[in-house]
Q: 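Right, I'll just put the structure down here and ask away after.
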Amino acid sequence: MPKAAFSSPKTVSITIDGVKVSVPSGITVTAAVMEVGHSYIRTTPLSGQERSGYCQMGVCFECLVTIDGVPNQQGCLVKVSEGMQVTRQHTAPVISIHEGL
Amino acid sequence: MPVYSDIVIIGAGPAGMSAAIAATRCGLSVTVLDRQSAVGGQIYRNIEHSSSELQNFLGKHYTHGLSIAEEFHSCPAKLITNATVWSIENGTVNVSCNGAAMSFCSTHIIIASGAVERPVAVSGWTLPNVMGAGAADLLLKDSGLTLDAPVIVYGNGPLLLQSVVHLQQLDIPIAGILLTASYRNFISSLPCMPQALMRPTYLFEGMHMFLKTLGSKAPVFFNVRDLSLSHEDKQLMASFSRGRKSHSLSGQTVLLHEGVIPDTRLTRLTGCLHDWNSLQRYWYPRTTCWGETTQQGVYTIGDGAAVYGAEAAALQGTLAGLECARSLKKITKKERDKKASATFRKLKKVTSTKPLIDTCFAPIPSKLVPTDETIVCRCEEITAGEIRKTIAQGFLTPDGIKSQLRTGMGQCQGRMCEQAILEIIAQECALEPESIPTYHIQPPIFPVSLGEIARTDASSN
Ligand SMILES: Cc1cc2nc3c(=O)[nH]c(=O)nc-3n(C[C@H](O)[C@@H](O)[C@H](O)COP(=O)(O)OP(=O)(O)OC[C@H]3O[C@@H](n4cnc5c(N)ncnc54)[C@H](O)[C@@H]3O)c2cc1C
Ligand code: FES
């Protein structure tokens, strides 16, 4: 699994899919999902394909996750914070242009 | 009511920060908006929060961002982060900030929104652990994260070489380096060499990266084509051809890169004219030497205006800031020219390597055209084959194809498929992409809730 090579020794506790994990503070939600060993970030609403972040800069929308109950957040643009609840999106329809975020 | 300032700047990378520094020095009020949670843009991503180990590792090209950020914070510009600009209309910039609607207005808007990696649509690029080479560097800068090894690297461009060097320095095993460039790229770039000698250190560093790539322990292949990725036994398999031979490699991560291209969403939205760079195959907004576009009061600078790199982006920022100060009568034309002369000199030097880079790393058009089975529109899962069928039915523009197949109607709004669709139409119709219209850009350019749009409309009425 991807390793945190340069991250802060400080950690924060978050939950990913309801499981409590400890991750380096200051990393992005996308990085946290990868770092704890998940092989993908979401599945597509159309055919259930597994996807992970392609761009890490807010362009591809492959990293959409539910953060503290709000769906369709771009995980690569959000940093983890103590107590954050992250849920990988499986069946939730992904936003059309006027909804969501 | 929208908040007024003399200039609204979109983007806090080197270009946007430098524009703000120059403009506030001349006494202008400036608002800077950025989607990220901190300043830095792509090159200096997370510069203020990254560990000293990471800063040491990435070296002076990265830590230079610290001094720009410091100077920016000590200037009186107002910075708003987590602020996504989703429309610009008649001098009003509409923003979504943590779910709240905000508006800013000005007679001078500077778009410094930077570049994006050209999406490399190859078969299997939607698989997990396949990402841009620049994206992998952003993971490192933002989160200190290194990749699952071994890594397969594919494509072309200086950022690809930089990724290889970073992998080597971090002792991350590389399974293979698959370069799409051919020796012809190098031969055709030779005439650009004398001009590039104006920037010897840069050239030397580029050569050094190239030699380190060649000297890699991993096999290096040139003139690679037909890459296809699949997932087998928990591994990513890369099959590709070179000459008449087919090869395959397996790894855990695949990095794709075919250069960076300006993000023209905002300049297209504001109706600016664009030109086509036929070597690097991207559209870029037409500007004066001060960054003013063909739309009065709309400026664009940095890699969003044309990819010249971070040093040029910062210098262009200074020029645009000075020109806005002249236009708003804070300084005279004479004062502007005097203040700008050293910056123009530096810019000439810094941009002297562009013809060499553009030619040496020119993507090979046939390699940008996806095969039939490749998913081109990642959001709606539409393949190149389906797009070709629609073209055969007479839909010859990206918008025409969109009306039939929903390409570009998903959450990324066509950011990931537009380039490949242009290349497919160009190939099928034997046209230069220059003669094909791009997607029509409409607000909101990022997803926002109806509530936010309603609140914005109410406040501007
Ligand atoms: C993935 C990637 C990695 C790169 N890595 C390097 C590198 O390591 N070394 C190097 O020399 N060059 C790198 N580059 C090239 C890069 O373009 C730099 O030359 C430099 O960052 C350009 O500076 P800039 O100020 O023009 O734009 P950027 O640095 O890209 O800054 C633009 C800013 O605008 C913001 N923005 C964009 N759209 C909006 C919007 N709608 N609303 C609000 N804010 C917005 C972005 O969040 C960003 O912070 C990279 C490019 C990419 C795409
Ligand atoms: S990884 Fe592309 S939008 Fe987050």
Side-chain angles (χ1 to χ4, degrees), chain A residues 1-10 23-35 37-64 70 72-74 76-81 93-101, chain B residues 35-37 42 45-46 49-51 53-54 57 82 84 96 99 114 116-117 119 125-132 134-148 170 231 234 253 256 263 375 378-381 409-413 415-416 442 444 446-450 452-453:
Chain A
M1 77 183 72
K3 282 195 297 286
F6 288 105
S7 48
S8 140
K10 281 192 224 136
V23 294
S25 78
I27 74 175
T28 67
V29 170
T30 306
V33 173
M34 294 169 81
E35 208 249 349
H38 288 299
S39 59
Y40 65 92
I41 292 184
R42 67 173 179 113
T43 54
T44 60
L46 280 174
S47 70
Q49 284 180 17
E50 295 176 356
R51 297 278 172 91
S52 64
Y54 181 87
C55 73
Q56 306 301 334
M57 59 177 284
V59 173
C60 71
F61 288 75
E62 293 291 13
C63 62
L64 295 179
V70 186
N72 300 323
Q73 307 287 302
Q74 287 173 287
C76 68
L77 296 180
V78 181
K79 300 264 171 140
V80 291
S81 60
V94 180
I95 32 181
S96 73
I97 288 170
H98 290 282
E99 302 159 349
L101 287 191
Chain B
R35 294 192 82 199
Q36 299 285 338
S37 55
Q42 305 316 339
R45 177 73 81 85
N46 204 32
H49 306 286
S50 50
S51 66
E53 290 90 345
L54 180 64
F57 174 75
N82 299 313
T84 296
S96 165
V116 296
E117 275 187 279
W125 72 311
T126 50
L127 291 167
N129 275 355
V130 179
M131 68 178 94
D137 261 0
L138 293 184
L139 261 181
L140 183 70
K141 288 174 187 171
D142 241 346
S143 306
L145 210 66
T146 58
L147 304 168
D148 244 354
L170 290 164
H231 205 201
K234 300 197 169 164
T253 304
L256 304 174
D263 177 2
I375 290 178
R378 300 172 64 109
C379 304
E380 301 287 333
E381 299 179 30
M409 285 175 77
Q411 57 276 12
C412 89
Q413 297 179 249
R415 287 174 171 85
M416 299 304 284
Q442 282 170 304
F446 281 106
V448 280
S449 66
L450 284 174
E452 277 178 77
I453 296 179

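The figures that follow rest on heavy atoms only: side chains count, while hydrogens, waters and symmetry mates do not. Residue numbers begin at 1 in each chain, while the letters A, B, ... track the order of the sequences.
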Q: Specify the closest pair of heavy atoms between B:L140 and B:L54, including all atoms of both residues, with the distance to one decimal.
A: O-CD2, 3.3 Å
Q: Heavy-atom distance under 4.5 Å to chain B: side chain of A:T28, backbone, both or neither?
A: both
Q: For each of B:K234, B:E117, B:Q42, tally heavy-atom pairs with chain A at distances under 4.5 Å, and name the one with the top tally.
A: B:Q42
Q: Find the one option among A:E50, A:E62, A:Q49, A:R51 whose heavy-atom pairs under 4.5 Å with chain B are most numerous.
A: A:R51
Q: Using a cut-off of under 4.5 Å for heavy-atom pairs, which of B:L138, B:D142, B:T126 has the most such pairs with chain A?
A: B:T126
Q: Heavy-atom distance under 4.5 Å to chain A: side chain of B:N46, backbone, both or neither?
A: side chain
Q: Starting at CE of B:M131, measure out to CD of A:Q56 and round the result to the nearest 0.5 Å.
A: 6.0 Å
Q: What residues form a side-chain contact (heavy atoms from CB on, under 4.5 Å) with A:L77, not counting sequence neighbours?
A: A:Q74, B:R35, B:Q36
Q: Name the region of B:E380, side chain, backbone, both or neither, that has any atom closer than 4.5 Å to a heavy atom of chain A.
A: both
Q: With respect to chain B, which residue among A:C55, A:P24, A:A32, A:C76 yields the maximal number of heavy-atom pairs within a distance under 4.5 Å?
A: A:C55
Q: Taking all heavy atoms of A:I41 and all of A:G53, pick out the closest pair and write down the distance.
A: CD1-N, 3.9 Å
Q: Using 30° and 60° as the class boundaries, would you call the ring planes of B:W125 and A:Y54 parallel, tilted or perpendicular?
A: perpendicular
Q: B:L147, B:D263, B:T253, B:L139: which one forms the most heavy-atom pairs within less than 4.5 Å of chain A?
A: B:L139
Q: Heavy atoms, side chains only, cut-off 4.5 Å: are B:S37 and A:K79 in contact?
A: yes
Q: Relative to chain B, which segment of A:S47 carries a heavy atom at a distance below 4.5 Å: side chain, backbone, both, or neither?
A: both
Q: Locate the shortest heavy-atom distance separating B:C379 from B:G410; write the atom from each residue and the value.
A: CB-CA, 3.7 Å
